[in-house]
Structures are given as structure tokens and as C-alpha cells.
Amino acid sequence: MIAIGSDHAGYNLKTEIIEQLKAKNMVILDVGCNGESCDYPDIAAEVAKNVAEGKCEKGILICGTGVGMSIAANKVNGIRAALCGDYFTAKYTRMHNDSNILCMGARTIGPGTAAEIVDVFLDTEFEGGRHQRRIDKIKDIENSNK
Ligand code: RB5
């Protein structure tokens, strides 16, 4: 299951991405918003919680720039949220960072780019190997903050 959420700025793009994922028979958990003005940290926390607890395998967050969503989501232990505005970043953040939440800015990229970013993010596997050691060091930082 893929958790997805947006604030008001990302709502239209979120609606398009949901259609894209449903066309591929993917199961979606849409945590909101429904177009009304809202605060992106509330939405980011809901998606991040579902991913961190293993209820959803990955998450997608959309706001105006994608920055607020990524800052907020990365506060949750176990979350590696990546703000992506291009195909290459989306591919390599999966391969090297094992990112589990994709963040996008609805006001910074067009719908075609967003659609390609979503596809490659969801379809690309983590490479492991030396990259796992680096992920483990990120976990060490999280644990040192507890
Ligand atoms: C909302 O106006 C805007 O601040 C928000 O969508 C996002 O861009 C924050 O990072």
C-alpha cells in the first residue's frame, strides 16, 4: 500500500498521481487534504507514521515546493524522505538512500515530470552493499537523538 498526502498547494497534483497509481492497480491510502487549506506538517506526520510503522511500504507527499513536507517527514524515525524534481534524483535516491517517502513540489514541476518521478521512485530497488553501511550511519544519528 502507498500512503499519499498533500496540502492545498499540492492537492491537484495529488489527485492526478492517485489516478496514475490506481490505473496500475496499486492500493492507496490517501490521508488528505481534500483541497481545503491545511498545515503540511499534519499531513507529513500521517504519511510518515504509516510508512515508519510498516503499514505502507512507501509514501508520497506533495506541497507547494515539497520542502516543508520533506523537512517534517524526516523528523520521524525511520523515514528517509527525498525531495525530487527530476528523474535522476528519484532513481538514485532509491538506489543509494533507500528513500521511503517521495516529496514533490506542485508549484515547481509539471505533471508530466511528476508522473515519471513517481514511476521511477516506486519501481527502483535499493542497491544495498556499501549503501547499507551509510543508511546504518543515518540510523545511528537517529538513535543518538533519542
Ligand atoms: C503553502 O502555501 C506552502 O507554504 C506549502 O505548500 C509548502 O510549499 C511548504 O513548504
Side-chain angles (χ1 to χ4, degrees), residues 1-126 131 134-146:
M1 184 154 64
I2 305 296
I4 188 165
S6 76
D7 69 358
H8 46 286
Y11 176 72
N12 288 342
L13 180 57
K14 182 185 72 168
T15 304
E16 291 185 32
I17 299 298
I18 288 173
E19 290 311 309
Q20 175 185 341
L21 298 180
K22 281 187 176 165
K24 292 179 141 190
N25 294 319
M26 301 189 82
V27 182
I28 310 297
L29 174 67
D30 181 3
V31 307
C33 74
N34 295 312
E36 75 284 6
S37 182
C38 65
D39 297 335
Y40 61 81
D42 298 335
I43 303 291
E46 194 62 25
V47 165
K49 188 183 71 178
N50 276 283
V51 173
E53 290 175 357
K55 292 178 186 153
C56 294
E57 64 223 50
K58 290 198 184 75
I60 299 173
L61 285 166
I62 307 169
C63 63
T65 59
V67 175
M69 287 294 196
S70 57
I71 291 171
N74 276 317
K75 298 295 181 192
V76 176
N77 278 356
I79 293 304
R80 290 176 301 281
L83 172 57
C84 298
D86 64 273
Y87 185 95
F88 186 92
T89 304
K91 180 175 177 178
Y92 278 84
T93 196
R94 283 290 309 128
M95 288 167 63
H96 289 187
N97 312 127
D98 197 17
S99 292
N100 47 18
I101 293 185
L102 167 65
C103 300
M104 295 186 292
R107 292 171 175 162
T108 64
I109 56 171
T113 299
E116 291 197 340
I117 286 173
V118 167
D119 277 343
V120 74
F121 186 87
L122 295 181
D123 291 346
T124 303
E125 295 296 325
F126 177 49
H131 302 295
R134 295 159 187 168
I135 301 300
D136 291 343
K137 290 189 176 186
I138 294 173
K139 286 180 188 155
D140 289 345
I141 297 170
E142 279 180 346
N143 291 335
S144 71
N145 286 336
K146 275 181 186 163

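Note that ligands are numbered from 1 as they come in the structure, with each ligand's atoms numbered from 1 the same way.
Set against the non-hydrogen atoms of Y40, the atoms of ligand 1 under 4.0 Å away are 9 (C). Those atoms of ligand 1 with a heavy atom of A9 less than 4.0 angstrom away are 6 (O). Atoms of ligand 1 lying under 4.0 Å from at least one heavy atom of G64, given by number and element, are 5 (C), 6 (O), 7 (C), 8 (O). Residue-ligand proximity, D7 to ligand 1, at heavy-atom distances under 4.0 Å covers atoms 1 (C), 5 (C), 6 (O).
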Check your understanding: Can you check side chain to side chain donor-acceptor pair (under 3.5 Å) on N12 and T15, steps first, answer last?
Key -> CA-CA 5 Å; N12 288 342; T15 304; 5.2 Å; no
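By the 4.5 Å heavy-atom criterion applied to side chains, R94 and F126 are counted as neighbours. A heavy-atom distance below 4.5 Å is not found between the side chains of T65 and L83.
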Report, one line per pair, each donor and acceptor closer than 3.5 Å where one atom sits in a side chain of residues 101-122; sequence neighbours left out.
unit_1, atom_1, unit_2, atom_2, d
T108, OG1, G105, O, 3.1
D119, OD1, Q20, NE2, 3.1
D119, OD1, K24, NZ, 2.9

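Nearest protein neighbour of atom 2 (O) of ligand 1, counting heavy atoms only, is R107 NH1, 3.5 Å. The protein heavy atom nearest to atom 8 (O) of ligand 1 is T65 N, 3.0 Å.
H8 contributes a side-chain N or O that, together with a main-chain N or O of C38, makes up a donor-acceptor pair within less than 3.5 Å.
Below 30°, between 30° and 60°, or above 60°: for Y92 and F88 the angle between ring planes is below 30°, a parallel geometry.
Atom 7 (C) of ligand 1 has its nearest heavy-atom neighbour, among S37, C63, A106, in C63.
Using a 4.0 Å heavy-atom cutoff, H8 is listed among the residues neighbouring ligand 1.
For the pair K49 and E46, the salt-bridge criterion is met [side-chain N within less than 4.0 Å of a carboxylate O].
Less than 4.0 angstrom separates atom 10 (O) of ligand 1 from at least one non-hydrogen atom of the protein.
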